[in-house]
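Worksheet: one structure, shown below.
Remember, it's a predicted structure, so these values are computed and weren't measured experimentally. Below, chain A is the first sequence line, B the second, and so on; all start at residue 1. Computation of the quantities below employed the complete heavy-atom set of this structure, encompassing side-chain atoms and omitting hydrogens, waters and symmetry-equivalent molecules.
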There are 2 protein chains.
Amino acid sequence: MGVAERRAREKDDLRKKILDTAADLFIEQGYENVSMRKIADRIEYAPSTIYLHFRDKVDIVANLCAATFGELDRRLQEILDLGLAPLETLHRSLRAYIDFGLDHPSHYVFVFCTPTSMFKDMEQSSGEQIYGCGMGSFGRLKNGLTACMAAGVIREGDVELLAQSTWLMVHGITAGLICQAEFPFVDKEMLIEHSLGRLIGSLR
Amino acid sequence: MGVAERRAREKDDLRKKILDTAADLFIEQGYENVSMRKIADRIEYAPSTIYLHFRDKVDIVANLCAATFGELDRRLQEILDLGLAPLETLHRSLRAYIDFGLDHPSHYVFVFCTPTSMFKDMEQSSGEQIYGCGMGSFGRLKNGLTACMAAGVIREGDVELLAQSTWLMVHGITAGLICQAEFPFVDKEMLIEHSLGRLIGSLR
DNA sequence: TGAATTTCTGAACAGTGTTCAGTACTCTAG
DNA sequence: CTAGAGTACTGAACACTGTTCAGAAATTCA
């Protein structure tokens with residue numbers, strides 16, 4: 001009686017196809033310019049079919065973001081697994097965060113640059129999903145700072161305060177480079193490393 | 001023959017009324033949730049009338065932002081006029097920038113947190129208007145840094161690089177506090193001053 | 001008063017997210 | 001092999017969006 005399983009698998013296939021197609025379109029055209037009808041057209045289903053798999057448009061993006069930010073977590077774990085010096089680990093982690101944002105600008109902007117007030121009339125579960133996206137990584141940042149403090153390579157202080165302050169500024173680098181793409185920035189590599197240098201230097 | 005003048009004045013009055021009403025609505029409900037019809041309803045004109053005064057919706061926001069950011073310029077000039085020590089001036093200016101963003105979250109997000117790619121299919125003039133919003137203030141930041149360098153209170157360096165790096169991080173504080181309003185931030189006052197301390201400290 | 005200008009509107013267009021009655025299909029039980 | 005249950009899917013519709021434009025209304029000028 002593998003029928004139920006096959007049907008479930010087929011249902012999951014379509015779900016994945018919707019997510020993949022939506023991801024492609026979001027990257028191609030940006031969140032606002034992608035409509036449910038465009039997604040439906042590309043997968044050759046009626047728009048209403050999508051609603052059998054996702055509550056609404058935000059639900060699709062929330063799922064995509066959750067998946068994408070899982071990748072950030074993986075990248076950060078990889079760095080942790082290298083077993084480097086705490087300060088070097090911190091530096092690489094912050095750098096990985098920025099690179100991640102630049103690699104996934106649409107997702108990053110959606111999760112971190114959309115005022116939460118815009119999601120007021122939204123299913124709570126989607127809101128929490130989006131909200132939770134970054135929390136795992138923020139926890140890693142706190143761990144990283146704690147490790148640095150324990151090793152005595154940065155001065156003692158309120159970890160929560162330091163972490164929030166650090167995140168805000170790293171976020172600024174990431175979001176600024178994404179959203180002000182037209183701005184005549186100096187060499188990006190230099191700009192990022194210089195800023196990270198200041199950021200980490202100010203922890204000593 | 002003051003007829004023409006009176007009519008021009010009346011026309012300008014309606015223009016201002018549209019801008020004021022739009023500003024109110026944007027603050028109340030956020031840019032995306034305000035429609036041309038809502039604006040038209042509140043001023044008791046037909047939606048199409050608005051198009052006699054503004055090219056499109058973006059044109060309205062662009063005008064609002066230009067006006068708002070004029071206020072930022074004024075605030076920064078006031079600080080400059082105090083004739084304080086260069087480092088103190090820099091500190092107060094950065095603080096004023098953050099406070100300004102928190103005072104006008106909708107405008108700030110619109111100008112700095114909307115990917116420029118979203119304005120691709122937009123009249124060039126509006127794009128330049130939005131783009132130009134922050135340029136004046138950025139120039140002031142560069143001047144402030146140059147003054148500090150001349151006074152020998154920060155170390156020598158590429159002013160453009162320092163200014164961009166500084167702006168990115170100050171932007172992060174501002175945008176982060178606005179867009180992640182639900183995040184359980186520690187005391188905001190402390191968070192801002194701590195971050196500014198790190199930022200300015202890393203210039204020495 | 002009549003003509004010319006300007007101001008303003010109503011209806012329409014093409015698009016959006018979303019809902020839902022009803023069709024088409026697949027699988028199960030008799 | 002067929003009747004019916006159950007699922008997957010669709011087409012049409014709803015209420016909205018920004019925007020356009022022919023024509024109505026109001027105002028000014030001769």
Between [X] and [Y] (salt bridge meaning N to carboxylate O under 4.0 Å), is one present in this structure?
X: A/Asp12; Y: A/Lys16; value: yes
X: B/Glu88; Y: B/Arg92; value: yes
X: B/Asp73; Y: B/Arg140; value: yes
X: A/Glu189; Y: A/Arg95; value: yes

### Pairwise 5' ranking along DNA chain D for A/Arg37 and A/Thr49, keeping only the more 5' one
A/Thr49

### Query
Taking the nucleotide of DNA chain D with the closest heavy atom to each, which residue, B/Tyr51 or A/Ser48, is nearer the 5' end?
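Looking at DNA chain D, the more 5' nearest nucleotide goes with A/Ser48.
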
Atom pair distance, as rounded to whole Å: [atom1] in [X] and [atom2] in [N]:
X: A/Lys38; N: C/dG15; atom1: NZ; atom2: P; answer: 10 Å
X: A/Arg15; N: D/dA8; atom1: CZ; atom2: P; answer: 14 Å
X: A/Arg9; N: C/dC27; atom1: CZ; atom2: P; answer: 12 Å
X: A/Glu44; N: D/dT10; atom1: CD; atom2: P; answer: 10 Å
X: A/Ile43; N: D/dA8; atom1: CD1; atom2: P; answer: 15 Å
X: A/Tyr45; N: C/dT18; atom1: OH; atom2: P; answer: 20 Å
X: A/Met36; N: D/dT10; atom1: CE; atom2: P; answer: 14 Å
X: A/Asp12; N: D/dA8; atom1: CG; atom2: C1'; answer: 15 Å

### Shortest side-chain distance from B/Ala46, nucleotide among D/dT10, C/dT9, D/dT19
C/dT9

When all nucleic acid strands are considered with a 4.0 Å heavy-atom cut-off, which category describes [X]: base, sugar-phosphate, or nothing?
X: A/Ser35; value: sugar-phosphate
X: B/Ile50; value: nothing
X: B/Leu52; value: base

### Task
Using a cut-off of strictly less than 4.0 Å, decide whether B/Lys11 has a side-chain nitrogen or oxygen near OP1 or OP2 of C/dT7.
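It does, given that an N or O in the side chain of B/Lys11 lies less than 4.0 Å from OP1 or OP2 of C/dT7.
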
### Query
Would A/Lys57 count as a cation-pi partner of A/Tyr51, with NZ or CZ less than 6.0 Å from the six-membered ring centre and within 45° of the ring normal?
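Judged by the rule (NZ or CZ under 6.0 Å from the ring centre, within 45° of its axis), A/Lys57 is not positioned above A/Tyr51.
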
